[in-house]
Amino acid sequence: MTKRYFGTDGIRGKVGQHPITPDFVLKLGWAAGKVFARSGQSRILIGKDTRISGYMFESALEAGLSAAGVDVLLTGPMPTPAVAYLTKTFRADAGIVISASHNPFYDNGIKFFSASGTKLPDEVEQAIEAQMDIAMSTVESHELGKARRIDDAAGRYIEFCKGTVSGALSLKGLRIVLDCANGATYHVAPQVFEELGARVIRMATSPDGININAECGATDPAALQQRVLAEKADIGIALDGDGDRVIMVDAAGEVVDGDEILFIIARQMQLQGRLTGGVVGTLMSNFGLELALQRNDIPFVRTQVGDRYVLEELDRRDWFLGAENSGHVICRHLTSTGDGIVAGLQVLKAMVQSGETLAQLKAGMSKMPQEMINVRVARKVDISSVAEIDQAVARVEARLGNSGRVLLRPSGTEPVVRVMIEGEDGPLVAELCRELADDVEKALQALVS
């Protein structure tokens, strides 16, 4: 069945435009409550990031769930992976995060976790959508759900993060610049690294509801690069607005992305005899990652873009590690979803145990030049059946020959088509990506006009 509302990462859009409206979210809370309450008394945990609309949607969800007879646990601002962890800790039937992740403040979204802290199965999302078609009703007053705040949610998550590395591990002597994107990690991430002994220089830890992801964080590490150099820091760590992504910066100010982070963690686990099977990437993973893993006899497979597909493949193969180059890094042996803090700690652990710098650890992998341009679209279209786009791709592939690849992919969370080209010749890759993006844009404009 085709889902009307749920995308690859929940439901997301611009605040005030359907479906990201208070009335829709109220009904969504009620519909989800009805689905989860079918097996009896139910309770659902709700967390959010720091964008201003989170207060509005938190209240709407709480009201809808209560009307369905479901108890609610409220964490306040909390990273997405923390909600996954706390959902399991409190034995809740589900967790809900109010967040648009790396998007600007004027967007928001709703995503769900199962009782085990993983993304909801398709059949549960479909059941919630089916319930949305039923007129909303309210249970009897004595059956209404109760709501309470979890006062120690942040402390619980901080201790969990610290527990993912050895109790004997000390970050003493490391100078870290930490960019929290003015998002949900602002009050937990600094404490994690400081309590493990690091000297932490804080960036973007003063959220005002509007500055989340604004010229900071994992999607815009330029300021972090400059600060690392200015502070003569050992490393920079950038998280995104909801804390499920991490991008790093080495002491020379060079960005270390999700592919390189995945390689570092996988190689360190292999050297210690702790790597089970191989690792999972996506269609967007750099070919240089694949070659580096191949040289080290580490199996590698690709999935569709989206951390849920990476996790599904890890579960299917019973492997531990997977990532997207954007910084979603999943350490399945430690947690149930992508976690920027946990992944960052694994890299720091590798640095401490090996005695090598971040630059030295990533040196075993050479990235192939890769260029990506987002082409905005007025509405969702099936690009697989557009002859003009097929012809443009064929022309580019002919010029690349066997030295590169082309990927066109509609985003699951934004109204864009991602045009990506990868190859050995960097200037040629940039030129061809611009040409192809222009051709795709013209073809899509003609299609929707």
Side-chain angles (χ1 to χ4, degrees), residues 218-219 221-222 225 247-250 252-267 270 278-306 309-310 321-329 347 356-375 383-384 388-411 416-441 443:
T219 54
Q225 292 174 273
I247 294 294
M248 294 185 157
V249 173
D250 67 23
E254 296 295 322
V255 169
V256 180
D257 68 9
D259 287 341
E260 293 165 309
I261 290 170
L262 177 60
F263 172 76
I264 290 169
I265 299 173
R267 182 63 177 142
Q270 182 192 47
V279 301
V280 177
T282 74
L283 294 172
M284 297 296 292
S285 297
N286 194 281
F287 191 57
L289 170 64
E290 187 170 343
L291 293 175
L293 293 171
Q294 191 177 82
R295 287 193 297 270
N296 288 282
D297 297 319
I298 299 175
F300 175 72
V301 296
R302 295 178 186 267
T303 70
Q304 298 180 58
V305 175
Y309 302 115
V310 173
L321 297 176
E324 296 185 280
N325 60 352
S326 60
H328 282 124
V329 181
V347 174
E356 295 184 322
T357 65
L358 181 59
Q360 289 170 329
L361 287 174
K362 74 169 184 176
M365 173 189 158
S366 297
K367 288 197 296 184
M368 190 172 283
Q370 187 183 83
E371 190 81 15
M372 186 173 72
I373 297 175
N374 291 332
V375 177
I383 61 173
S384 64
E388 293 81 2
I389 293 179
D390 291 340
Q391 292 165 6
V393 170
R395 288 195 298 270
V396 170
E397 288 179 334
R399 291 185 64 183
L400 282 171
N402 296 322
S403 63
R405 66 188 183 110
V406 177
L407 177 68
L408 299 186
R409 185 183 70 85
S411 170
V416 299
V417 172
R418 306 197 194 282
V419 178
M420 190 277 284
I421 298 182
E422 191 173 57
E424 295 175 352
D425 186 335
L428 178 62
V429 164
E431 175 190 339
L432 293 178
C433 192
R434 181 69 268 169
E435 290 179 8
L436 182 56
D438 289 342
D439 289 339
V440 169
E441 186 172 21

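Heavy-atom basis, side chains included; hydrogens, waters and symmetry copies ignored. One is the number of the first residue; the rest follow in order along the sequence.
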Who are the side chain to side chain contact (heavy atoms under 4.5 Å, CB included) partners of T219, not counting sequence neighbours? H102, R245
How far apart are the closest heavy atoms of I265 and V329, and which atoms are they? CD1-CG1, 4.2 Å
Counting distance only, does the side-chain N/O of Q270 pair as donor-acceptor with the main-chain N or O of I298 below 3.5 Å? no
Sorted by chain and residue number, the side chain to side chain donor-acceptor pair (under 3.5 Å) partners of N296 (sequence neighbours excluded) come out as R267
Any side-chain heavy atom of S285 sitting closer than 4.5 Å to one from E290? no
Spacing of E441 atom CD and I373 atom CD1 [to the nearest 0.5 Å]: 10.0 Å
Considering only heavy atoms from C-beta outward, does the side chain of Q304 approach that of R409 to under 4.5 Å? no
R395 and D439, any side-chain heavy atoms less than 4.5 Å apart: yes
So, for V280 and F300, which heavy atoms are closest and what is the spacing to 0.1 Å? C-CE1, 4.1 Å
A side-chain contact here means heavy atoms from C-beta on lying under 4.5 Å apart; do L432 and V406 qualify? no
Indicate yes or no: at least one non-hydrogen side-chain atom of M248 is less than 4.5 angstrom from one of I261. yes
Tell me, which pairs form a salt bridge (Lys or Arg N to Asp or Glu O under 4.0 Å) where one or both residues lie in residues 362-373, sequence neighbours left out? D250-K362, D257-K367, E260-K367
Considering all heavy atoms, the nearest M284-R405 contact: C-NH2, 4.0 Å
Looking at every non-hydrogen atom in both residues, tell me the closest pair between R399 and E431 and how far apart they are. NH2-OE2, 3.4 Å
